There are 2 protein chains.
Amino acid sequence: MDIRADQALRWWKRVCLEQVLDDRPDLTLRQLTILLTIYLDPPPHTVRGLAARLGVTKPVITRALNAMGAMGLVERRRDERDRRNVLVRRTVEGSLFLEKLSDTIVIAAREELR
Amino acid sequence: MDIRADQALRWWKRVCLEQVLDDRPDLTLRQLTILLTIYLDPPPHTVRGLAARLGVTKPVITRALNAMGAMGLVERRRDERDRRNVLVRRTVEGSLFLEKLSDTIVIAAREELR
DNA sequence: CTAGCCTGTTACGGATACGAAACGAACCGT
DNA sequence: ACGGTTCGTTTCGTATCCGTAACAGGCTAG
């Protein structure tokens with residue numbers, strides 16, 4: 001799988017542009033990265049773990065979970081085995097959101113990387 | 001060029017993650033989209049034109065140009081033929097930034113889309 | 001020359017983000 | 001049971017972003 005630099009940028013730009021044009025309030029780069037980590041990396045996901053993986057402070061994660069939780073994209077649940085932990089879980093709505101995103105990516109790839 | 005949905009998401013996540021991990025303050029999704037438009041679409045680029053293309057208001061463009069101008073990623077110059085216009089121009093530093101981005105994308109593709 | 005339009009910028013109030021530090025709650029070792 | 005540690009959250013002050021609306025300056029038609 002080899003791609004030319006200019007193809008890569010056009011592809012990336014195209015996906016970004018569709019996100020910007022969308023009416024939905026844009027997710028922050030950090031928020032989106034958190035969301036993708038939750039959905040692509042194997043659970044369980046804790047605040048601390050996410051913070052470490054992204055190289056950001058814990059409040060960043062808390063705030064992002066607040067925001068995305070309000071949009072229904074993720075869910076928080078106490079870890080019953082260690083009640084200090086908060087486990088972050090996927091939701092149907094979050095899956096749909098990422099499904100739409102991947103559609104955008106795939107289509108952009110098909111048209112920009114031909 | 002056909003990609004599976006999960007490959008697409010992993011690819012995208014990887015590039016996002018590298019942006020987040022980077023020490024440099026993250027560009028907003030909008031800022032990045034503006035930058036890519038300036039570098040990929042044929043000039044001239046005006047504030048009004050960029051605003052229309054991205055479906056945002058003019059102050060958004062002005063502010064983004066302020067921020068990216070301070071980082072040296074773009075340059076503003078008066079249009080001498082119609083001094084109302086501001087022409088946005090590329091810089092060496094901006095080219096280097098995008099070159100690094102495209103490297104990230106290409107490498108991520110090579111490893112995620114194998 | 002001047003009234004009106006077009007440009008980009010600035011002002012404003014509100015929303016949101018940030019990191020550092022303090023905080024309460026839960027766990028653990030002793 | 002109690003001091004220390006580890007969680008996630010909250011608070012604080014600061015910085016940034018947003019859209020609306022007002023703005024100053026350049027252009028142009030009459």
Side-chain angles (χ1 to χ4, degrees), chain A residues 16-17 19-38 43-90, chain B residues 16-17 19-38 43-90:
Chain A
C16 284
L17 184 57
Q19 299 293 309
V20 172
L21 288 174
D22 213 325
D23 291 338
R24 161 187 22 252
D26 304 337
L27 287 184
T28 299
L29 183 64
R30 293 178 169 193
Q31 290 175 343
L32 182 57
T33 309
I34 293 167
L35 190 65
L36 285 164
T37 301
I38 293 166
H45 298 290
T46 65
V47 172
R48 183 163 200 75
L50 290 168
R53 198 174 302 226
L54 302 198
V56 299
T57 59
K58 290 185 295 175
V60 169
I61 305 294
T62 294
R63 282 186 293 256
L65 293 181
N66 288 343
M68 293 191 293
M71 301 183 215
L73 300 178
V74 297
E75 216 178 60
R76 262 189 274 222
R77 183 166 300 245
R78 276 277 162 214
D79 182 354
E80 288 304 332
R81 303 192 312 173
D82 182 345
R83 295 185 47 76
R84 288 172 304 181
N85 288 328
V86 161
L87 303 180
V88 185
R89 295 171 38 175
R90 306 164 187 174
Chain B
C16 284
L17 183 57
Q19 300 293 307
V20 171
L21 288 176
D22 214 325
D23 292 337
R24 160 188 15 256
D26 303 338
L27 287 184
T28 300
L29 183 64
R30 292 179 169 193
Q31 291 174 344
L32 182 57
T33 309
I34 292 169
L35 189 64
L36 285 164
T37 301
I38 292 166
H45 299 289
T46 65
V47 172
R48 183 165 198 75
L50 290 169
R53 197 174 303 223
L54 302 197
V56 298
T57 59
K58 288 187 296 175
V60 169
I61 306 294
T62 294
R63 281 186 295 255
L65 293 182
N66 288 342
M68 294 191 292
M71 301 183 217
L73 300 177
V74 296
E75 217 178 61
R76 263 188 272 220
R77 182 167 300 246
R78 275 280 161 213
D79 182 354
E80 288 305 331
R81 302 194 313 177
D82 181 344
R83 295 185 49 76
R84 288 172 302 180
N85 288 328
V86 161
L87 303 180
V88 186
R89 295 171 38 176
R90 307 163 188 175

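Throughout, protein chains are lettered first and strands after them, A, B, ... in sequence-line order, and every chain is numbered starting at 1. The structure displayed is predicted, hence computed values, not measured ones.
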Open item on the list: Using a 4.0 Å heavy-atom cut-off, does B/R48 contact any base of the nucleic acid, only the sugar-phosphate backbone, or nothing at all?
Closed with: sugar-phosphate
Task: Contact under 4.0 Å: B/T57 side-chain N or O vs D/dG19 OP1/OP2 - done: yes
Open item on the list: Using whole Å, what does the distance between atom P of nucleotide C/dT9 and atom CD1 of B/I61 come to?
Closed with: 10 Å
- [ ] Mind checking the CD1-NE2 spacing from A/I61 to A/H45? Nearest 0.5 Å is all I need.
- [x] 11.5 Å
Task: Side-chain N or O of A/Q31 closer than 4.0 Å to phosphate OP1/OP2 of C/dA17 - done: yes
TODO: Nearest whole angstrom, please: distance from the C1' of D/dC18 to the CG of A/D23.
DONE: 15 Å
Open item on the list: Is B/T46 close enough to C/dG8 that one of its side-chain N or O atoms is under 4.0 Å from OP1 or OP2 there?
Closed with: yes
TODO: Answer yes or no: is there a side-chain heavy-atom contact under 4.5 Å between A/L29 and B/L29?
DONE: no
Open item on the list: Taking only side-chain N and O atoms of A/T62, does any of them lie within less than 4.0 angstrom of OP1 or OP2 on D/dT9?
Closed with: yes
TODO: Nearest whole angstrom, please: distance from the C1' of D/dG8 to the CG of A/D82.
DONE: 11 Å
- [ ] Work out which heavy atom in A/Q31 is nearest to a heavy atom in A/M68; give both atom names and the distance.
- [x] O-SD, 3.5 Å
Task: From D/dG19, D/dT9, C/dA26, nucleotide with atom closest to B/V60 side chain - done: D/dG19
TODO: Measure the spacing between CG of B/L65 and CG of B/L50 and express it to the nearest 0.5 Å.
DONE: 7.0 Å
Open item on the list: Could you tell me how far apart A/N66 (CG) and D/dT11 (C1') are, to the nearest whole angstrom?
Closed with: 14 Å
Task: CZ (B/R77) with more than 12 external heavy atoms under 6.0 Å - done: no
Task: Rounded distance (Å) that lies between atom P of D/dC17 and atom CG of A/L29 - done: 14 Å
- [ ] Find the distance between CZ (B/R30) and CG (A/D26) and round it off to the nearest 0.5 Å.
- [x] 5.5 Å
Open item on the list: Whole angstroms only, please: what is the CG-P distance between B/L27 and C/dC18?
Closed with: 14 Å
Task: Strand DNA chain D in bracket notation, Watson-Crick/G-U under 3.5 Å with | for pairs to another chain - done: ||||||||||||||||||||||||||||||
Task: For atom CD of A/E80 and atom C1' of C/dA26, their distance in whole Å - done: 12 Å
- [ ] Output yes when at least one side-chain N/O atom of B/R78 is less than 4.0 Å from OP1 or OP2 of C/dG8, else no.
- [x] no
- [ ] Side-chain contact test, heavy atoms from C-beta onward, threshold under 4.5 Å: evaluate it for A/I38 versus A/E75 and give yes or no.
- [x] no
Task: A/R53, CZ: over 12 other non-hydrogen atoms inside 6.0 angstrom - done: no
Open item on the list: What is the separation between atom CG on A/D79 and atom P on D/dT6, rounded to the nearest whole Å?
Closed with: 17 Å
Open item on the list: What contact category does A/R83 fall into here, base, sugar-phosphate, or nothing, at under 4.0 angstrom with non-hydrogen atoms?
Closed with: sugar-phosphate
- [ ] Establish, with yes or no, whether the OP1 or OP2 oxygen of C/dG19 is under 4.0 angstrom from a side-chain nitrogen or oxygen of A/R30.
- [x] yes
TODO: State which of C/dG8, D/dT9, D/dC17 makes the closest approach to the side chain of B/K58.
DONE: C/dG8
Open item on the list: Between B/R84 and D/dT28, is there a contact of a side-chain N or O with OP1 or OP2 at under 4.0 Å?
Closed with: no
